[in-house]
*Asks:* 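Quick one: the structure is below, and I'll ask about it shortly.
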Amino acid sequence: MRNQFMGIFHSKGLLLILALTLYALICISHEAYSLELSLREQEYIANHKPIRVHNETDWPPFNFYEHGIPQGISIDVMNRVATLTGLRIQYVTGPSWDEFVAMMANGQLDVMLNIIDLPERKEQFQFTAPYVKSLTGVFVAGSHRHDIHSFDDLTGRTVAVPAGFDLEINMPKYHPEVRLLPVRDILECIKAVNAGKADAFMEEIGVANYIVSQRVIPNIHMAFQVDEKPFISNLTIGTRRDDPLLHSIIQKGLNAISGDELNNIRHKWLLQAHEIYEQSMINLSVQEKEYVYQHKTVRICVDPSWPPLDFIDKQGHHSGLSADLINTIAKRLNLSLQLVPTSTWEESLSTIREGACDIIPLMNETRESSDYLDFTTPYFNFATVIATRKDDASFIGDYSELYGKTIALQAYFFITEYVRSHHPRIQIIEVENTEEALKLVSEHKAFATIDSLPTIVNTIERSALENIQIVGSVPQQNSMKIGVRKEEKLLLSLLNKGVTSLSEQEKIGFYKKWLNVEIENHLMPRATVIRIVIVFFMILVFLLWRQLTLNRYTRKLQALNTRLQHASTIDHLTQVLNRKSIEQRLQAEMDRVAMTGDPLTLVICDIDHFKSINDSFGHLTGDRVLQKLAGHIAKAMRHSDHLGRWGGEEFLIILPGANREGGAGFTEKLRSSIESTAFGINKKITVSFGLGEYEPGEDITTFISRIDACLYEAKNKGRNKVVTAAPTNS
């Protein structure tokens with residue numbers, strides 16, 4: 001009986017094993033053949049011997065050999081391709097890069113991973129679409145952490161690079177002002193920097209971060225990421241030109257890897273650098289990847305004369321806020337942009353309507369344009385304002401106050417369409433651009449114009465139209481979107497992902513680059529605000545019955561002015577003064593001291609080991625620490641003191657009326673209170689301070705440099721200290 005039972009058990013167990021095996025084979029078969037491999041490709045996979053794939057010994061985290069196993073991003077991607085397609089692969093480890101290339105040429109190797117698609121290689125290789133970017137960074141020791149932020153800071157300095165690689169070739173071409181020190185490898189680069197033989201070294205960001213983290217090398221920090229195109233590479237998979245079937249199979253396998261899978265692979269290997277790479281790579285669907293692979297170039301039309309938002313410069317290049325934005329998105333999507341030049345906005349709309357270009361990177365959606373364009377989600381919203389001559393100026397709170405008057409508006413502008421449809425009692429003169437509209441207003445040929453706030457301000461400045469003034473705003477905002485031809489549904493999906501990938505910090509950067517100066521200098525100057533207030537009270541006295549309406553629109557205008565003033569002077573993260581504003585405050589206090597002779601003390605502080613906070617707890621936690629520290633310092637200050645973010649984790653404190661001894665007493669109390677404060681993480685936060693008293697005749701650069709030197713001395717003495725500058729005449 002027992003034997004009979006065991007026989008039944010073995011039979012059922014065997015059936016279960018067979019069923020599971022059959023299920024696994026069905027899954028593998030489904031996974032492979034859901035790629036829609038051709039019959040020839042299926043035969044190639046079934047009959048071909050294992051594919052020989054190159055595996056490097058020492059290029060972590062992309063491709064390396066450790067503990068007897070090929071490892072890295074490229075290896076994981078190739079393994080996934082093999083699983084999806086059914087290819088059998090065999091890794092070849094040991095030869096140098098040049099030897100691998102020679103093996104491809106004589107047929108001893110089938111695949112090169114992490115290879116860059118260069119023109120000189122096309123005779124020998126076929127390249128897949130990129131699967132990851134190679135990003136270059138400049139790395140420094142702690143002593144240079146705060147004085148190297150760009151290539152300008154490296155002029156005349158020495159930079160170590162691994163010998164024989166692209167960096168050694170490209171740096172003299174693009175940055176001859178930098179001295180190069182070629183060394184054997186990245187470890188020699190790090191030794192050169194720590195020994196003082198080089199001021200910095202350059203290396204692939206992922207490689208450098210992996211080495212520094214795995215080997216626990218202290219005191220090495222990334223100074224800046226290199227954004228220049230020659231130093232950003234797309235890593236592809238290369239196959240021999242005489243094997244087109246293999247290239248086709250691998251490309252289909254790459255296309256079938258989901259965006260989430262690629263993201264997980266990058267996250268697994270890139271450690272702290274993951275966020276940088278994640279920003280540079282956007283997770284695409286299979287269809288979107290195929291679109292990018294087949295359509296490398298996107299034709300764009302722009303508004304040729306709408307500065308500072310969108311225009312074609314004198315050299316014929318696309319410029320303005322929209323150019324920076326669309327170029328950033330295109331780089332992440334691995335798309336090339338081709339400008340289709342036009343002379344007017346009307347011509348741009350006509351060109352895209354006829355199919356001669358694919359997108360317009362910056363425009364408002366209108367009822368007419370919606371017939372032939374689809375639109376991405378908005379990426380910016382700008383206030384729309386009313387401008388008149390100063391001698392005609394009075395507060396305008398509603399379209400009805402323009403009834404019976406002539407206003408100049410751009411043809412095909414969304415506001416023009418709105419005014420014509422909803423306010424027919426306003427007479428419209430259609431013009432080509434904002435400059436023409438404002439000139440008509442300036443010459444008394446039109447009463448007013450309506451346009452985006454940045455464009456109005458920029459045009460007033462460029463054309464020196466000093467008799468123009470902003471007198472109100474309208475509810476309709478300029479909602480900036482990318483317009484895409486209706487036939488290009490996949491391109492629309494791609495660009496939407498590109499817009500979504502932009503961080504708020506990046507958007508603020510674009511905004512400040514193109515709009516900050518104009519808004520700071522010209523938006524609602526004090527005289528304008530005074531005029532508006534005077535007009536408001538005149539209306540309040542003589543037309544009391546309109547009080548509620550005027551109050552409502554005045555509040556809106558003042559709120560707009562306050563928001564813009566806040567954005568131009570306050571640091572976005574910590575809500576204290578930004579670098580430009582704190583520097584202006586310091587100069588003003590120095591000027592006041594020159595007249596009054598009162599003492600003035602300056603304090604510069606820096607969070608100790610801040611990088612370890614970001615590395616251990618994440619950048620969001622680091623941001624919260626910065627915010628809490630700024631709030632803590634602000635509470636300790638007097639009402640007359642000033643606090644600003646100088647850069648990164650550095651803050652600058654201005655103490656008017658405080659001498660050196662008084663400033664030192666305040667700073668020591670502040671240092672002690674910070675040390676005993678809980679910041680919500682399992683790590684004590686300490687801060688190093690440098691301080692000194694202003695000396696008559698010092699310029700601002702000398703004053704700040706003298707105090708900054710004290711900060712570095714505090715760091716060198718062990719951190720969490722206060723170092724006071726001695727008087728220079730002592």
Side-chain angles (χ1 to χ4, degrees), residues 135 137-150 205-206 208-210 212-214 216-225 263 266-267 270-280 501-509 512 570-579 582 603-636 643-653 670-671 673-690 708 711-712 714-715 719-720:
L135 306 175
V138 172
F139 294 81
V140 297
S143 57
H144 287 307
R145 188 176 182 183
H146 297 293
D147 62 351
I148 295 178
H149 306 286
S150 68
I205 293 175
N209 270 286
Y210 191 91
V212 168
S213 298
Q214 291 295 309
V216 195
I217 301 173
N219 202 38
I220 295 295
H221 313 277
M222 187 170 79
F224 62 94
Q225 179 185 340
N263 192 42
R266 290 197 300 269
H267 190 270
L270 288 173
L271 304 169
Q272 299 101 319
H274 171 64
E275 289 182 11
I276 300 173
Y277 284 82
E278 194 171 47
Q279 275 197 339
S280 300
S501 78
L502 295 171
S503 67
E504 287 304 311
Q505 201 63 34
E506 286 177 299
K507 292 181 185 179
I508 290 169
K512 285 188 173 181
I570 301 299
D571 177 63
H572 175 69
L573 176 65
T574 59
Q575 295 300 300
V576 300
L577 293 173
N578 61 23
R579 180 172 181 134
I582 194 67
V603 181
I604 302 179
C605 63
D606 182 283
I607 301 176
D608 297 326
H609 302 297
F610 185 70
K611 183 178 184 298
S612 67
I613 298 172
N614 282 333
D615 292 348
S616 301
F617 302 98
H619 289 279
L620 290 177
T621 299
D623 287 348
R624 286 194 290 271
V625 169
L626 287 170
Q627 290 167 338
K628 187 164 184 177
L629 177 66
H632 185 89
I633 296 173
K635 287 180 182 177
L643 172 64
R645 188 178 179 190
W646 191 238
E649 62 271 24
E650 276 190 327
F651 293 88
L652 193 149
I653 308 168
L670 180 61
R671 182 204 64 76
S673 69
I674 292 170
E675 184 181 16
S676 60
T677 297
F679 281 79
I681 59 174
N682 187 25
K683 180 180 176 66
K684 180 186 286 187
I685 303 298
T686 61
V687 175
S688 298
F689 296 84
D708 202 35
L711 172 62
Y712 279 110
K715 292 282 188 182
R719 296 180 168 82
N720 192 24

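These figures come from a predicted structure and were not determined experimentally.
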*Asks:* Mind running side-chain contact (heavy atoms from CB on, under 4.5 Å) on Arg671 and Val687 for me, showing each step along the way?
*Replies:* CA-CA 6 Å; Arg671 182 204 64 76; Val687 175; 5.8 Å; no

*Asks:* Taking only residues two or more places apart in sequence or in another chain, which ones pass side-chain contact (heavy atoms from CB on, under 4.5 Å) with Ala630?
*Replies:* Thr574, Val576, Phe651

*Asks:* Side chain of Arg579, backbone of Ile582: donor and acceptor closer than 3.5 Å?
*Replies:* no

*Asks:* Ignoring hydrogens, what is the shortest heavy-atom contact between Trp646 and Leu652? Give both atom names and the distance.
*Replies:* CE3-CD1, 3.7 Å

*Asks:* For Lys684, does the NZ atom have more than 12 heavy-atom neighbours from other residues, nucleotides or ligands under 6.0 Å away?
*Replies:* no

*Asks:* State whether Asp608 and Lys715 are salt-bridged, where the test is any N-O pair (Lys NZ or Arg NE/NH1/NH2 against Asp/Glu carboxylate O) under 4.0 Å.
*Replies:* yes

*Asks:* Rounded to the nearest 0.5 Å, how far apart are CD1 of Ile681 and CZ of Arg624?
*Replies:* 9.5 Å

*Asks:* What pairs with Phe679 under side-chain contact (heavy atoms from CB on, under 4.5 Å), at least two apart in sequence or on another chain?
*Replies:* Val625, Lys628, Leu629, Ile674, Thr677, Ile685

*Asks:* Could you tell me the separation between the OG1 atom of Thr686 and the NE2 atom of His609, rounded to the nearest 0.5 Å?
*Replies:* 6.5 Å

*Asks:* Nearest 0.5 Å, what's the CG-NE2 distance between Asn614 and His221?
*Replies:* 11.5 Å

*Asks:* Quick check: closest heavy atoms across Ile633 and Cys605, and the distance to 0.1 Å?
*Replies:* CD1-SG, 4.2 Å

*Asks:* Kindly give the heavy-atom pair with the smallest separation between Phe139 and Ile205, and that separation in Å.
*Replies:* CZ-CA, 4.1 Å

*Asks:* Step by step, work out the side-chain contact (heavy atoms from CB on, under 4.5 Å) result for Glu649 and Ile613.
*Replies:* CA-CA 11 Å; Glu649 62 271 24; Ile613 298 172; over 6 Å; no

*Asks:* Any side-chain donor-acceptor pair under 3.5 Å between Ser688 and Asp606?
*Replies:* no

*Asks:* To the nearest 0.5 Å, what is the distance between CZ on Arg645 and CG on Leu577?
*Replies:* 13.0 Å

*Asks:* Looking at Lys683 and Ser612, what are the two nearest heavy atoms and their distance?
*Replies:* CE-OG, 3.5 Å

*Asks:* Counting distance only, does the side-chain N/O of Gln575 pair as donor-acceptor with the main-chain N or O of Ile570 below 3.5 Å?
*Replies:* no

*Asks:* Taking all non-hydrogen atoms of both residues into account, name the closest pair between Ile653 and Leu643 and its distance.
*Replies:* CG1-CD1, 3.8 Å

*Asks:* Given 3.5 Å as the limit, does a donor-acceptor pair link the side chain of Ser676 with the main chain of Ser673, or not?
*Replies:* yes

*Asks:* Please report the shortest heavy-atom distance between Ala636 and Leu670, naming the atom on each side.
*Replies:* CB-CD1, 3.9 Å

*Asks:* Would you please test Asp147 and Val140 for side-chain contact (heavy atoms from CB on, under 4.5 Å) and show each step?
*Replies:* CA-CA 10 Å; Asp147 62 351; Val140 297; over 6 Å; no

